[in-house]
Amino acid sequence: MIKVELKDGVVKEFEKGTTAAEVTKSLGAGLYKAACVCRVDGVVCDLRTPLENDCRLEIVTFDETDGKKAFWHTSSHVLAQAVKRLFPNAKFAIGPAIDSGFYYDFDVEKPFSPDDFEKITAEMKKIVKEGLAVEKFLLQPDEAIKLLEEMDEPYKVELCKEHSDKGEPISFYKQGEFTDLCAGPHLMTVANIKAIKLTACTGAYWRGDSKNNQLCRVYGVSFPKASMLEEHLKMLEEAKLRDHNKIGRELEYFTTVDYVGQGLPVLLPKGARVIQLLQRWIEDVEQKKGCQLTKTPLFAKRELYKISGHWDHYLDGMFVLGDPHDETKECFALRPMTCPFQYQVYLNKQRSYRDLPMRLTETSTLFRNEASGEMHGLIRVRQFTISEGHYILRPDQLEEEFKGCLELAKYCLDTVGLLEDCTFRFSQWDPANPNNKYEGTAEQWEEAQAVMKKILDNIGLKYEVGFDEAAFYGPKLDIQYRNVFGKEDTIVTIQIDMLLAEKFGMYYIDSDGQKKLPYIIHRTSLGCYERTLAYMLEHFAGALPLWLSPEQVRVLPLSENLADKAKEIEAQLTAAGIRASSDIRSEKIGYKIREAQLEKIPYMLVIGSKEVESGTVSVRSRKQADMGTMPLSDFIALALDEINTKKK
RNA sequence: GCUGGAAUAACUCAGUUGGUAGAGUACCUCACUCGUAAUGAGGAAGUCGAGGGUUCAAGUCCCUUUUCCAGCUCCA
């Protein structure tokens with residue numbers, strides 16, 4: 001007999017070798033039905049796992065992430081089974097669970113059409129109704145490879161051969177006529193998958209490498225109850241209403257024009273105003289932090305990029321003016337980054353250790369020739385403006401300055417309301433990167449990464465490691481943000497560079513009279529303005545905080561004959577530094593309010609004869625509706641306080 | 001760059017098997033002078049993304065191309 005400790009410390013005895021499933025069943029039919037997988041002493045396992053020793057057993061349902069993962073993983077097998085039935089020639093790659101569902105990659109002659117989708121969904125539902133039990137079996141590596149070869153699954157054979165190096169048995173899962181190479185864990189039966197929706201069909205490269213064959217990836221999501229699926233789809237619809245690419249256009253922040261080109265959004269007055277406000281604020285904040293503002297050219301001769309290394313690493317990503325390969329003629333390129341330009345400020349004269357740290361910042365417009373399929377609203381564009389900076393430092397200043405950069409970035413992101421949803425990624429090099437991406441020696445890399453790790457650990461920052469995500473000249477701390485579709489991008493980056501100073505001959509004379517190489521931190525405080533604006537539009541669903549609202553107050557006279565009074569109030573607001581307008585059209589007040597509300601105008605001041613008589617305004621906010629009447633001066637004080645404190 | 005989807009009035013979208021281009025909103029005009037999310041009537045508005053082709057006839061079928069969307073790859 002073995003002792004099994006259950007939830008809340010209850011201990012029960014079972015025969016040695018009893019499976020977790022049998023234990024669960026003994027606890028109650030309802031629990032067994034809801035159970036997806038279990039954790040034995042904290043390790044996620046199949047319910048079919050036999051318990052051999054005393055242990056702690058947790059039953060995991062769909063409510064937990066581990067449960068969802070298993071549920072969706074099994075769903076991906078059902079998808080594969082349905083595809084096999086309908087398209088017997090399809091070859092199978094991988095089919096994992098992801099954060100919001102599952103996918104399976106297939107090699108098929110023709111990608112699936114929406115029509116095929118319906119058929120596949122119907123077949124999946126049929127399979128669920130058949131209520132097949134999921135069984136697990138193990139094979140020795142050579143037997144496993146033989147089986148997969150017989151099944152004519154070349155991708156699976158490739159995967160299996162890699163696992164077989166370990167010499168461990170290979171696990172398979174089987175439901176009905178369908179067998180798949182898989183590590184699991186899986187549900188006990190497909191019968192629990194009550195609601196299924198296939199969401200997208202896209203291309204995806206085998207093993208994530210664009211040199212490889214492109215497969216057909218089918219995305220889906222599934223739930224134990226139909227109502228949960230409905231709720232999920234409703235949530236997705238609501239997320240889409242926050243999409244900056246939709247509301248940014250609707251609310252007239254930006255637009256795109258066919259004949260201007262891809263990745264070149266046109267900022268409309270509202271978008272331009274927000275970016276101006278952010279830029280003025282950041283430039284002032286940086287000045288107070290001891291930064292020096294620079295303004296350097298937007299393009300330069302090819303020779304500059306050759307020194308920095310960008311010419312060799314990123315020629316494809318640059319907009320080149322002239323023939324890049326004709327060395328007999330002058331050739332220019334628009335700048336894809338600011339580093340080599342800003343270094344010229346440092347190089348302007350001989351520098352002493354007393355000049356350091358030198359904190360150079362610039363509101364820098366950059367140009368990157370992104371591949372045509374990469375562009376996305378304001379998030380991924382070909383021309384953008386970034387709060388860029390390079391700090392040139394003595395080694396003894398590195399830690400403190402790095403902390404300063406991180407504090408500044410956190411302050412900026414917090415002020416614009418985005419920090420709470422950010423995650424941190426320590427982006428490191430891959431010594432074995434096949435494309436020769438990284439410059440410098442292993443010693444230099446180990447040192448730079450050790451320094452960064454020490455700094456991050458000292459601060460106690462929670463971060464993930466991004467392997468093979470470093471810049472070609474050094475490791476990065478990337479601050480990541482997810483858009484409404486869950487896609488992650490870097491919003492802010494802080495990088496340690498030990499290589500470029502030498503390339504540009506950026507020495508300083510130390511206190512001992514010796515020439516020495518400085519460290520350089522590449523950093524941004526708020527990231528690039530377009531991207532930050534995009535995320536703010538999503539975060540606030542278009543209702544930007546008052547201090548950043550392009551139009552802060554709209555005066556709404558009840559009737560046309562109060563137009564002069566409205567204009568007078570507007571002028572008083574403008575004089576107080578508030579961005580105001582008035583709606584003097586001969587429309588009903590409800591109509592004007594509705595429009596202002598849809599435009600997310602923070603405050604509406606309604607004025608009628610009552611207000612004119614008493615010298616007050618009737619205040620309505622987009623959040624709290626009617627706030628009652630007050631003297632105009634009171635409202636101005638209230639608004640200015642909200643603006644000056646940058647209230648979110 | 002790759003896979004899939006899309007493009008019709010300023011916006012959101014209808015448009016049957018190929019046979020004269022439609023609605024709502026917005027816009028303009030007029031009336032109404034209004035109390036916290038849509039007043040009424042009338043009017044104007046489209047080379048059906050662009051370029052080729054098939055056809056007596058193309059928004060609709062075929063080819064090319066541009067842009068937008070989702071995903072992959074990439075992201076200094």
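In this text the structure is predicted, and so the values were computed from the model without any measurement.
With A/Glu439 contributing its side chain and A/Gly309 its backbone, the two residues share no donor-acceptor pair below 3.5 Å. Checking side-chain atoms of A/Ser582 against main-chain N and O of A/Ile584 turns up no donor-acceptor pair under 3.5 Å. Within the 3.5 Å criterion, the main-chain N or O of A/Pro557 finds a donor-acceptor partner in the side chain of A/Lys592. No side-chain donor-acceptor contact under 3.5 Å links A/Ser427 to the backbone of A/Pro475. Under a 3.5 Å cut-off, the side chain of A/Glu374 and the backbone N or O of A/Ala371 do not form any donor-acceptor pair. Between the side chain of A/Arg368 and the backbone N or O of A/Pro336, at least one donor-acceptor pair lies under 3.5 Å. Using a distance-only test at 3.5 Å, with no hydrogens or angles considered, no donor-acceptor pair links the side chain of A/Thr490 to the main chain of A/Asp478. The backbone N or O of A/Gln552 sits nowhere less than 3.5 Å from a side-chain atom of A/Ser549 that would complete a donor-acceptor pair.
Applying the side-chain hydrogen bond (donor to acceptor under 3.5 Å, both in side chains) test to pairs two or more places apart or on separate chains, those with a residue in residues 236-245 of chain A are A/His244-A/Glu538, A/Asn245-A/Arg249.
When the P atom of B/rG4 is taken as reference, atom CG of A/Asp105 falls 15 Å away, rounded to whole Å. At whole-Å resolution of the value, NZ in A/Lys246 and C1' in B/rC13 are 12 Å apart. Remark: P of B/rU36 and CG of A/Leu562 are 16 Å apart, rounded to the nearest angstrom. Here B/rU3 presents its P atom at 14 Å from CG of A/Asp107, a figure rounded to the nearest Å. The distance between atom CH2 of A/Trp206 and atom C1' of B/rU3, rounded to the nearest whole Å, is 18 Å. Computed from coordinates, the A/Phe117 CZ to B/rG5 C1' distance equals 11 Å when rounded to whole Å.
Within the 4.0 angstrom heavy-atom criterion, base atoms lie near A/Ile593. Among the heavy atoms of the strands, none lies under 4.0 Å from A/Gly628. Among the heavy atoms of the strands, none lies under 4.0 Å from A/Arg622.
An OP1 or OP2 oxygen of B/rU67 is reached within less than 4.0 angstrom by no side-chain nitrogen or oxygen of A/Thr256. Contact between the side-chain N/O atoms of A/Tyr591 and the OP1/OP2 oxygens of B/rG35 is not found at any separation under 4.0 Å.
Between A/Trp429 and A/Trp445, the ring planes are parallel. Angles under 30° get that label, and only those over 60° would be called perpendicular. Using bins of under 30°, 30° to 60° and over 60° for the plane-to-plane angle, the ring pair A/Tyr473/A/His522 lands in the parallel bin.
For the C1' atoms, the distance from B/rU12 to B/rU16 is 22 Å, rounded to whole Å. A distance of about 9 Å separates the C1' atoms of B/rC48 and B/rA7, rounded to the whole Å. Separating the P atom of B/rC11 from that of B/rA50 is a span of 14 Å, rounded to the nearest Å. One C1' atom belongs to B/rG18, the other to B/rA23, and the distance between them is 23 Å to the nearest Å. Nucleotides B/rC61 and B/rG19, compared at atom P, are 11 Å apart to the nearest Å. For B/rA44 and B/rA10, the C1' atoms lie 13 Å apart once the distance is rounded to whole Å. Spacing of C1' atoms, B/rA38 relative to B/rU20, comes out at 36 Å, to the nearest Å. As rounded to the nearest Å, B/rG22 and B/rU65 have C1' atoms that lie 29 Å from one another.
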Protein N or O to nucleotides 70-76 of chain B N or O, pairs below 3.5 Å:
unit_1: B/rA70; atom_1: OP2; unit_2: A/His376; atom_2: ND1; d: 3.2
unit_1: B/rG71; atom_1: O3'; unit_2: A/Tyr219; atom_2: OH; d: 3.3
unit_1: B/rG71; atom_1: O2'; unit_2: A/Thr202; atom_2: OG1; d: 2.9
unit_1: B/rG71; atom_1: O2'; unit_2: A/Tyr219; atom_2: OH; d: 3.1
unit_1: B/rG71; atom_1: N2; unit_2: A/Gly203; atom_2: O; d: 3.4
unit_1: B/rC72; atom_1: O4'; unit_2: A/Gly203; atom_2: O; d: 3.2
unit_1: B/rC72; atom_1: O2'; unit_2: A/Tyr205; atom_2: N; d: 3.0
unit_1: B/rU73; atom_1: O2'; unit_2: A/Ser210; atom_2: OG; d: 3.2
unit_1: B/rU73; atom_1: O2; unit_2: A/Glu374; atom_2: OE2; d: 3.1
unit_1: B/rU73; atom_1: N3; unit_2: A/Glu374; atom_2: OE1; d: 3.2
unit_1: B/rU73; atom_1: N3; unit_2: A/Glu374; atom_2: OE2; d: 2.6
unit_1: B/rU73; atom_1: O4; unit_2: A/Glu374; atom_2: OE1; d: 2.7
unit_1: B/rC74; atom_1: O2; unit_2: A/Glu374; atom_2: OE2; d: 3.4
unit_1: B/rC74; atom_1: O2; unit_2: A/Arg380; atom_2: NH2; d: 2.7
unit_1: B/rC74; atom_1: N3; unit_2: A/Glu374; atom_2: OE1; d: 3.3
unit_1: B/rC74; atom_1: N3; unit_2: A/Arg380; atom_2: NH1; d: 3.1
unit_1: B/rC75; atom_1: O2; unit_2: A/Arg380; atom_2: NE; d: 3.3
unit_1: B/rC75; atom_1: O2; unit_2: A/Arg380; atom_2: NH1; d: 3.2
unit_1: B/rC75; atom_1: O2; unit_2: A/Arg380; atom_2: NH2; d: 3.2
unit_1: B/rA76; atom_1: OP2; unit_2: A/Lys476; atom_2: NZ; d: 3.3

With the criterion being N/O to N/O and under 3.5 Å, what pairs connect the protein with nucleotides 30-33 of chain B, and how long is each?
unit_1: B/rC32; atom_1: N4; unit_2: A/Ser586; atom_2: OG; d: 3.0
unit_1: B/rU33; atom_1: O2; unit_2: A/Glu560; atom_2: N; d: 2.9
unit_1: B/rU33; atom_1: N3; unit_2: A/Glu560; atom_2: OE1; d: 3.1
unit_1: B/rU33; atom_1: O4; unit_2: A/Glu560; atom_2: OE1; d: 2.6

**Q.** Step-by-step side-chain hydrogen bond (donor to acceptor under 3.5 Å, both in side chains) determination, A/Ser222 to A/Ser75
**A.** CA-CA 7 Å; A/Ser222 59; A/Ser75 303; 2.6 Å; yes
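Looking at A/Glu595 and A/Arg585, a side-chain N of the basic residue comes within less than 4.0 Å of a carboxylate O on the acidic one, giving a salt bridge.
Under the 6.0 Å cut-off for aromatic ring centres, A/Phe87 and A/Phe106 do not qualify, their centroids lying 6.0 Å or more apart.
No side-chain heavy atom of A/Pro431 sits under 4.5 Å from any side-chain heavy atom of A/Tyr438. In this structure the side chain of A/Ile491 reaches within 4.5 angstrom of the side chain of A/Cys422, judged on heavy atoms.
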Q | Secondary structure string for RNA chain B (Watson-Crick or G-U under 3.5 angstrom, | for other-strand pairs) | A | (((((((..((((.....[..)))).(((((.......))))).....(((((..]....))))))))))))....
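Near-neighbour residues of RNA chain B inside residues 257-265 of chain A, defined by a heavy atom below 4.0 Å, number-ordered: A/Asp258, A/Gln262, A/Gly263. Contacts between residues 595-616 of chain A and RNA chain B, counted as heavy-atom distances below 4.0 Å, involve A/Gln597, A/Leu598, A/Val606, A/Gly608, A/Ser609, A/Lys610, A/Glu611.
The side-chain tip of A/Arg531 does not point at the ring of A/Phe384 from less than 6.0 angstrom away and within 45° of straight on.
Here the OH atom belonging to A/Tyr253 is positioned 7.5 Å from the CG atom belonging to A/Leu533, to the nearest 0.5 angstrom.
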